[in-house]
K.L.:
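Questions regarding the structure given below will be posed in turn.
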2 protein chains.
Amino acid sequence: MSIENERPPESPLTLATFLPYRLSVMSAVVSEGLARLYNERFGIAIPEWRVLATVGEFRSVTAKAVGLHAHMGKVKVSRAAASLETRGLIRRVPNAADGREAFLALTPDGEAMYGEIAPLALSYAGRLTETLSAADRAALDRLIDLLLRRAGEMNAPGPPGEASPAGA
Amino acid sequence: MSIENERPPESPLTLATFLPYRLSVMSAVVSEGLARLYNERFGIAIPEWRVLATVGEFRSVTAKAVGLHAHMGKVKVSRAAASLETRGLIRRVPNAADGREAFLALTPDGEAMYGEIAPLALSYAGRLTETLSAADRAALDRLIDLLLRRAGEMNAPGPPGEASPAGA
DNA sequence: GGGAGATAGTTACAAACGAAACTAGCTGCC
DNA sequence: GGCAGCTAGTTTCGTTTGTAACTATCTCCC
């Protein structure tokens with residue numbers, strides 16, 4: 001019993017090299033900086049920013065479309081939109097053809113704020129990658145697309161007949 | 001004023017190509033799949049998983065060290081550790097030399113669960129990148145490191161004398 | 001044209017979270 | 001040796017978030 005190696009000397013799993021963990025930290029650090037920017041200068045949080053950005057991008061969208069585009073649940077969209085409306089940054093235009101939904105659009109104040117935040121956001125993203133070569137930037141975009149697609153496939157129920165049913 | 005182009009035809013900011021947004025969605029999709037794995041099979045959430053993984057990796061660590069290593073605030077670590085202790089997966093060993101802290105270690109049950117989850121987690125990460133070339137995997141690791149470092153620098157207060165003071 | 005089921009969006013409730021206050025114990029300095 | 005200040009960890013409190021229930025409207029089909 002001289003050497004009590006109850007487990008192989010190096011554990012095969014180290015958090016610091018575990019991709020999901022690394023992605024999570026990277027995203028958190030980036031979001032943190034950006035959120036501080038929005039928050040300090042404009043008193044706006046990330047869900048509100050995403051709605052503002054989506055409405056700014058499309059000029060007139062339903063809440064549902066915002067959720068799809070900005071990857072947010074409908075509750076979050078509803079709350080963020082309510083907050084933006086209260087602050088006079090967006091307005092609701094009821095859809096005459098479908099009483100359930102309404103289009104969201106920027107008010108003049110909303111346009112003004114969007115006009116200020118958007119360049120700031122773009123500059124933040126630009127500074128983030130300005131030390132990368134063009135090839136690296138392209139690789140990054142491609143890799144993100146690949147991982148997004150791959151993770152989406154892995155999360156999806158998979159072709160019927162596979163291990164998806166509840167019991168498995 | 002014949003053409004009333006209140007804004008250039010294409011907005012320069014599109015959420016779908018905005019790096020911080022893309023990172024956030026990628027991380028969320030990956031974490032979601034992983035979290036479902038842990039949760040369905042072991043009834044464990046991500047903060048608990050991170051603590052378990054860190055304790056499993058180092059055998060005996062203080063809560064503070066866990067927080068540093070796993071990028072969690074001390075409150076989150078405290079709660080996750082309490083939960084794991086309640087379930088009999090980790091135990092606390094008071095540090096005789098410093099009454100403020102205690103070392104966390106896996107119980108036999110905790111070892112068993114770690115032994116089950118770790119390979120599962122590694123397999124998940126492996127499947128995530130199995131469609132990538134070796135070069136792509138290397139590039140991904142390198143790019144994550146670069147972005148992590150860069151975002152960290154950008155968030156840091158910066159050299160004294162810069163625009164950091166509150167008023168700016 | 002009227003009811004069953006689907007859909008857009010809001011509200012209600014409960015879990016998760018972080019900031020700040022708090023407890024307990026250590027360290028350095030007089 | 002004792003007090004001022006620091007550190008590890010927990011608890012408290014208010015905020016944010018997600019799930020589920022609900023409202024209002026639409027669509028399909030008889």
Side-chain angles (χ1 to χ4, degrees), chain A residues 24-25 27-29 31-36 38-40 43-51 54-55 58 60-86 90-105 155, chain B residues 24-25 27-29 31-33 35-36 38-40 43-51 54-55 58 60-87 90-105 155:
Chain A
S24 164
V25 172
S27 163
V29 173
S31 283
E32 191 196 322
L34 199 54
R36 193 159 34 166
Y38 301 154
N39 217 347
E40 284 176 358
I44 224 172
I46 283 201
E48 285 140 31
W49 154 245
R50 285 199 183 168
V51 172
T54 305
V55 176
F58 295 106
S60 176
V61 272
T62 63
K64 159 141 223 210
V66 171
L68 254 40
H69 186 71
H71 207 258
M72 296 165 69
K74 60 182 179 171
V75 175
K76 213 173 199 175
V77 173
S78 173
R79 289 197 266 240
S83 156
L84 292 172
E85 193 180 23
T86 300
I90 66 172
R91 76 199 132 88
R92 276 165 221 268
V93 182
N95 182 1
D98 186 341
R100 289 170 303 181
E101 66 185 15
F103 298 105
L104 306 177
N155 288 1
Chain B
S24 164
V25 172
S27 162
V29 173
S31 285
E32 190 196 322
R36 194 158 32 162
Y38 302 153
N39 217 346
E40 283 175 0
I44 223 173
I46 284 201
E48 285 140 32
W49 153 245
R50 284 199 185 169
V51 171
T54 305
V55 176
F58 296 106
S60 175
V61 272
T62 62
K64 161 143 226 219
V66 171
L68 255 40
H69 186 72
H71 205 257
M72 296 165 70
K74 59 182 178 173
V75 174
K76 215 174 196 171
V77 173
S78 174
R79 290 198 266 237
S83 157
L84 291 172
E85 194 182 22
T86 299
R87 301 195 214 179
I90 66 172
R91 76 200 133 89
R92 276 163 220 269
V93 182
N95 181 1
D98 186 340
R100 290 168 303 180
E101 65 186 16
F103 297 106
L104 307 177
N155 289 1

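Values reported hereafter were calculated over all heavy atoms of this structure, with side chains retained and with hydrogens, waters and symmetry mates removed. Throughout, a chain's letter reflects where its sequence line sits, starting with A, and its residues are numbered from 1.
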K.L.:
Can you check whether B:Arg91 reaches B:Glu85 side chain to side chain, under 4.5 Å on heavy atoms?
P.N.:
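In short, these two side chains do not touch, never coming nearer than 4.5 Å.
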K.L.:
For B:Arg92 and A:Lys74, take the nucleotide of DNA chain D holding the closest heavy atom to each; which residue's nucleotide lies nearer the 5' end?
P.N.:
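Of the two residues, B:Arg92 wins.
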K.L.:
Need to verify one output field. Residue with the more 5' nearest nucleotide on DNA chain C, B:Val75 or A:Val75?
P.N.:
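Here A:Val75 is the residue nearer the 5' end.
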K.L.:
Can you tell me how far apart OG1 (B:Thr62) and CZ (B:Phe103) are? Round to the nearest 0.5 Å.
P.N.:
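So the OG1 of B:Thr62 and the CZ of B:Phe103 are separated by 6.5 Å.
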K.L.:
Verify side chain to side chain contact (heavy atoms under 4.5 Å, CB included) between B:Phe58 and B:His69, making sure each step is shown before the conclusion.
P.N.:
CA-CA 10 Å; B:Phe58 296 106; B:His69 186 72; 3.5 Å; yes
K.L.:
Distance from A:Arg100 atom CZ to A:Asn95 atom CG, nearest 0.5 Å?
P.N.:
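It is 9.5 Å, given to the nearest 0.5 Å.
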K.L.:
Would one find a side-chain N or O of A:Thr62 under 4.0 angstrom from OP1 or OP2 of C:dA8?
P.N.:
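So the side chain of A:Thr62 is outside the cut-off, no N or O lying under 4.0 Å from OP1 or OP2 of C:dA8.
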K.L.:
Would you call B:Glu48-B:Arg79 a salt bridge at under 4.0 Å N-O?
P.N.:
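Between B:Arg79 and B:Glu48 there is no salt bridge, as every charged N stays at least 4.0 Å from the carboxylate O atoms.
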K.L.:
Pick base, sugar-phosphate or nothing for A:Ala102, based on heavy-atom distances below 4.0 Å to the nucleic acid.
P.N.:
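Answer is sugar-phosphate: A:Ala102 comes under 4.0 Å of backbone atoms only.
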K.L.:
A:Arg36 has an atom CZ; how far is it from atom P of C:dG18, in whole Å?
P.N.:
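Going from A:Arg36 (CZ) to C:dG18 (P), I get 16 Å.
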K.L.:
Starting at CD1 of B:Ile46, measure out to NZ of B:Lys76 and round the result to the nearest 0.5 Å.
P.N.:
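Interatomic distance, B:Ile46 CD1 to B:Lys76 NZ, rounded to 0.5 Å: 9.0 Å.
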K.L.:
What is the separation between atom NE2 on A:His69 and atom P on C:dA8, rounded to the nearest whole Å?
P.N.:
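Roughly 18 Å, once rounded to whole Å.
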K.L.:
What's the CG-C1' distance between A:Leu104 and C:dA8, to the nearest Å?
P.N.:
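A:Leu104 atom CG is separated from C:dA8 atom C1' by 12 Å.
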K.L.:
Pull out every protein N or O sitting under 3.5 Å from an N or O of nucleotides 25-27 of chain C, one pair per line with the distance.
P.N.:
from	atom 1	to	atom 2	distance (Å)
C:dG25	O3'	B:Gly99	N	3.4
C:dG25	N2	B:Arg100	NH1	3.2
C:dC26	OP1	B:Gly99	N	2.5

K.L.:
Is B:Arg87 close to B:Ser83 at the side-chain level, that is, under 4.5 Å between some pair of heavy atoms?
P.N.:
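Side-chain contact under 4.5 Å: yes.
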K.L.:
Of the nucleotides C:dT11, C:dG18, C:dG9, which one has an atom closest to the side chain of B:Arg79?
P.N.:
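Taking heavy atoms from C-beta onward, the closest nucleotide is C:dG18.
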K.L.:
Separation of A:Glu101 atom CD from C:dG9 atom P, in whole Å?
P.N.:
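Interatomic distance, CD of A:Glu101 to P of C:dG9: 6 Å.
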K.L.:
For DNA chain D, note the earliest and the latest nucleotide, 5' to 3', having some atom under 4.0 Å of a heavy atom belonging to chain B.
P.N.:
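Contact span on the strand: D:dT7 to D:dT12.
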K.L.:
For the pair made of CE in A:Met72 and P in C:dT10, what is the distance, rounded to whole Å?
P.N.:
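For the pair A:Met72 CE and C:dT10 P, the rounded distance is 12 Å.
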K.L.:
Drop me the distance from B:Tyr38's OH to B:Ser31's OG, to the nearest 0.5 angstrom.
P.N.:
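Result: 8.5 Å between the selected atoms.
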K.L.:
Enter the distance from A:Leu84:CG to A:Arg92:CZ here, rounded to the nearest 0.5 Å.
P.N.:
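Between atom CG of A:Leu84 and atom CZ of A:Arg92 there are 9.5 Å.
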